[in-house]
Amino acid sequence: MDASMIDIVMPRIGKGVESGTLVKWLKRAGEPVGRDESLFEMSTKHVDCEVPSPVEGILAEVLVREGSTVDIHTVVARLAVEEEHLKKN
Amino acid sequence: MTVEPRHLQVRDLGRLGWPEAYALQRELAEQRKQALISDQLLFVEHPHTVTMGRNGHESNILAGPEMLRRAGIAYHETNRGGDVTYHGPGQIVGYPIFDLREWKRDVMAYVRTLEQVIIETLADFRIESWRNPGATGVWTAEGKICAIGVHISRWVTSHGFALNHTTDLSYFRYIVPCGLTKPVTSMEALGVTVERSAVEAAIASRFCALFGMQLSVPLVLTEVAG
């Protein structure tokens, strides 16, 4: 199978929010995840947000531990994605 | 071609336990994700309840769970943003189930607009209020009057705001509201006597105006079994 690795980052949820806490992983490393399926839960002072996967794939690497607060755009995980799923995007 | 305004269905659930209201929110959020229903604004009045948000610290509960239980206060951990808060009779709790994909796709803009809904509603009753930089919710000269804590799943909102209308403020002694040792207040404590239904109607109206919606049905009281 032809697979690529894509980066999953702490998303920017709005103006003025420069970091987020990774509250909980909703998938474990090695688990498959569907497009738009929730990957992890992030939290700020104001909101709690489930972050969906942009693409179908396998959660290959978890880079940020639960409870860690990181800047937005920090890579928190890598997904292994088959070429055919990438093309659908 | 004209663009139809979005419709908001407003429901007053009356007095309802926190777990029952939470279950209903989850069910409606799921239906909203599937576009089976329009955006919703649920009003509810909870019995004495302390809830803990995702960013919460147990040290902000001044009484242990056992002491809360003995004082007749339910305790629940939740998946909303923010710290610990108190709900109880006399408080107007609002839960918008709102699809942000059809709005700005901006979570913080949503929270700010929700705060604005409360600020303008309070202004309707001649109460001056504002945001507090670095803290959520709505504040007055006498303290915090409204708590805000929101959850987003696939762009659909749940949880929301808790506005102190005629809340017995002594119950806040069990917690440090949202981690801040500043006082809390209510509309009643600020000398404003107004029916709960009038405040809910004003909130629904401001909500529609600020989010660009129209009410799909007049405000009605819905009885929920259980």
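Order of the sequence lines fixes the chain letters, A, B, ..., with proteins taken first and strands second; residue numbering starts at 1 for each chain.
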Query raised in the report: Is it true that A:Arg35 and A:Glu56 make a salt bridge, defined as a side-chain N closer than 4.0 Å to a carboxylate O?
Result: no

Requested in this report: Tell me, for B:Arg112 versus chain A, whether the close heavy atoms (under 4.5 Å) come from the side chain, the backbone, both or neither.
Outcome: side chain

**Report entry** B:Tyr22 ring center near B:His159 ring center (under 6.0 Å)
**Finding:** yes

Requested in this report: Under 4.5 Å, heavy atom to heavy atom: which of residues 94-103 of chain B reach chain A? Give them by number, or say none.
Outcome: none

Report task. Please check if atom CZ in B:Arg26 has more than 12 non-hydrogen atoms from other residues, nucleotides or ligands closer than 6.0 Å. Result -> no

Query - Partner set under side chain to side chain donor-acceptor pair (under 3.5 Å) for B:Ser158, not counting sequence neighbours - result: none

Report task. Sequence neighbours left out, what passes side chain to side chain donor-acceptor pair (under 3.5 Å) with A:Asp7? Give chain and number order. Result -> A:Arg78

Query raised in the report: Who passes side-chain contact (heavy atoms from CB on, under 4.5 Å) against A:Glu50, sequence neighbours left out?
Result: A:Leu26, A:Ser38, A:Glu41, B:His151, B:Ser153

